[in-house]
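So the structure is just underneath, and the comments pick up after that.
All of these numbers come straight from a predicted model, not from anything done at the bench. Naming: A, B, ... by sequence-line order, numbering from 1 per chain.
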2 protein chains.
Amino acid sequence: MKTVDLSACPVCSKLKIDDEGAFLEDLKCSIKTYAKNELILRQGDVCDALYMLTLGSVKTEMITDNGNILGIEIIKAPRPLAPAFVFSDNNRFPVDVTALEEVEIMKIPKAEIMRLMMTNPDFMSSFMTHNANRTQFLTNRLQLLSIKTIKGKVAHFLLENSAVDNKTFIINRNQTELADFFGVARPSLARCLSEMVQDGIISINKKEYRILNSKKLRELLI
Amino acid sequence: MKTVDLSACPVCSKLKIDDEGAFLEDLKCSIKTYAKNELILRQGDVCDALYMLTLGSVKTEMITDNGNILGIEIIKAPRPLAPAFVFSDNNRFPVDVTALEEVEIMKIPKAEIMRLMMTNPDFMSSFMTHNANRTQFLTNRLQLLSIKTIKGKVAHFLLENSAVDNKTFIINRNQTELADFFGVARPSLARCLSEMVQDGIISINKKEYRILNSKKLRELLI
DNA sequence: ACGAGAGTGTAACAATTGTTACACTTTTAT
DNA sequence: ATAAAAGTGTAACAATTGTTACACTCTCGT
């Protein structure tokens, strides 16, 4: 059974491997499966290995001190989960990870990662780049959270997600998830969205969003 | 002139180098100095090299779309600035960096970093760990920002900064900087602080903060 | 096709925070 | 030493967001 497509993985794609099967057998790793909605990793868990999502998709969310949920992101296989934290001094998971469907996770010991990095320059480079991109993602998240008004967050989010040429796009989150993502209350988000629709700035049809007036949308950032 | 103490640097400390001088001469890098309050790096600048702060201290802050300032951290030499971003796909600086005093910065090309990593396992390990710790720092920042009430942020911050045994400590930020750090308005922070003092939860004397009632402080997180 | 449950729209009201303004204190530079 | 600048306390008011509640629509499984 081939469960992993290494070439699609951001940190493994550059590996020059003759025999993928042999490579994976060589790797001292264990594989575990999880059912839909199962909690895979808990915020605060010790992170002594690299967890590679090899099949399915998961969501990560942060539980704040006050019990609020802050949605972080949805991750689809194949991709490593929180790869940076394997190497941190206080190596604990920063988020809860929950299975969105049937999921398969490969657990690779830290020592194995070290070995791969030392013997394989391309792997090292990919791993570094991937981690750097993750940091950039976190920075963007920080930027989004630091916008104080909900309309500003929405504007930032929509402008970021809209291609230059295409002003219509699908957002694969329902309103509740979107509110979690922004760290605001659901009815507050609904109010802002409906006001923006009334003002002719955007239109919403189910999960399809369209920017009608990007000038006004940009003004909401000010 | 010896400007750098490698042993104090989080990513260079483990380097086994006989002749520090020769090592630094070998490194294809350039050194530049900046005056107090000078803007060293601007958010969005292309980041094609590792910037190592070798002397002095700087502050980093993020300018959000709406022009607000979000204070991130104060960095003292020796330490690399935004090391993760050298390797990111979209390698641009995430923050403004401003000199807090006379500052010296060493610019090391990306290729040199790669060479060091490949030839020096300890350097690689330190670099990885440092980047991981930076990610963890960003995650903590994210957690702080996701707390919605100002008192909650203050409580989180104070509890995080207070040692277990010592309930008194110095915060080297004035009220304005603290407000920027929390991403709130200065008078709002002042109001919360004075209420917390009135309620006998904390006491403040200039920059010395003391926790008087840690139980009540913890309740503010709920 | 139909009922249960999830998701959405919206309203009234409460709570928190932001804004602006100004007096006052402390620090810094000359 | 003294003026200028930076930092702090605080008040009135505006604006935004959260809370709670409920009706309505849509989706999905049986």
Side-chain angles (χ1 to χ4, degrees), chain A residues 36-37 59 64-71 98 100-101 144-157 170-199 202-209 219-222, chain B residues 35-37 59 64 66-71 98 100-101 144-157 170-199 202-209 219-222:
Chain A
K36 180 173 177 173
N37 292 326
K59 69 172 173 184
T64 66
D65 283 348
N66 49 22
N68 283 343
I69 291 175
L70 179 70
T98 311
L100 287 177
E101 52 188 305
L144 185 67
L145 273 185
S146 70
I147 298 175
K148 279 167 206 139
T149 66
I150 298 182
K151 287 185 186 176
K153 287 173 208 261
V154 172
H156 177 93
F157 181 75
I170 304 291
I171 293 179
N172 267 326
R173 287 183 151 96
N174 65 32
Q175 220 178 63
T176 306
E177 290 168 338
L178 210 52
D180 281 346
F181 183 72
F182 290 146
V184 301
R186 204 269 310 162
S188 304
L189 174 61
R191 171 174 44 204
C192 286
L193 286 176
S194 77
E195 280 173 13
M196 290 169 77
V197 169
Q198 277 188 340
D199 294 348
I202 57 173
S203 71
I204 306 176
N205 194 320
K206 317 252 174 177
K207 294 190 172 181
E208 179 183 292
Y209 291 70
E219 279 167 6
L220 291 176
L221 296 172
I222 300 170
Chain B
K36 179 173 178 175
N37 291 326
K59 69 172 172 186
T64 66
N66 50 22
N68 283 343
I69 291 175
L70 179 70
T98 310
L100 287 176
E101 53 187 303
L144 184 68
L145 274 186
S146 70
I147 298 175
K148 277 167 205 138
T149 66
I150 298 183
K151 286 184 186 177
K153 288 174 207 259
V154 172
H156 178 92
F157 180 74
I170 304 291
I171 293 179
N172 265 328
R173 284 183 153 96
N174 64 33
Q175 220 179 62
T176 307
E177 290 168 337
L178 210 54
D180 281 345
F181 183 72
F182 290 148
V184 301
R186 203 269 310 163
S188 303
L189 175 61
R191 171 175 43 206
C192 286
L193 286 176
S194 76
E195 281 174 12
M196 289 169 77
V197 169
Q198 276 187 340
D199 294 348
I202 58 173
S203 70
I204 306 176
N205 194 321
K206 316 253 174 175
K207 294 191 171 180
E208 180 184 294
Y209 291 71
E219 278 168 7
L220 290 176
L221 295 173
I222 301 168

> What pair of heavy atoms forms the shortest contact from A/G183 to B/K148, and how long is it?
Replying inline: O-CE, 2.8 Å

> Given atom CG of B/N172 and atom C1' of C/dT27, what is their separation to the nearest angstrom?
Replying inline: 16 Å

>> Quick one: does any side-chain atom of B/K153 pair with a main-chain N or O of B/I147 as donor and acceptor, under 3.5 Å?
In response: yes

> Within this structure, what is the CG-to-P distance between A/L189 and C/dG7, rounded to whole angstrom?
Replying inline: 14 Å

For nucleotides 4-13 of chain D, give me every protein contact, N/O to N/O, under 3.5 Å, one pair per line with atom names.
unit_1	atom_1	unit_2	atom_2	d
D/dG7	OP1	B/N174	ND2	3.0
D/dT8	OP2	B/Q175	N	2.8
D/dG9	OP2	B/Q175	NE2	2.6
D/dG9	N7	B/R186	NH1	3.1
D/dG9	O6	B/R186	NH2	3.2

> Which heavy atom of A/R173 sits nearest a heavy atom of A/F181, and at what distance?
Replying inline: NH2-CD1, 3.4 Å

> Between B/L189 and B/I150, which heavy-atom pair has the shortest distance, and what is it?
Replying inline: CD1-CG2, 4.0 Å

> Over how many whole Å does the gap from A/K148 atom NZ to C/dT16 atom C1' extend?
Replying inline: 14 Å

>> Could you work out, with salt bridge (Lys or Arg N to Asp or Glu O under 4.0 Å) as the rule, every residue matching B/E101, not counting sequence neighbours?
In response: none

> Between D/dT16 atom C1' and A/I147 atom CD1, what is the distance in whole Å?
Replying inline: 16 Å

> Is the shortest side-chain N to carboxylate O distance from A/E177 to A/K59 below 4.0 Å?
Replying inline: no

> Could you give the CD-to-C1' distance, from B/E195 to C/dA15, as a whole number of Å?
Replying inline: 12 Å

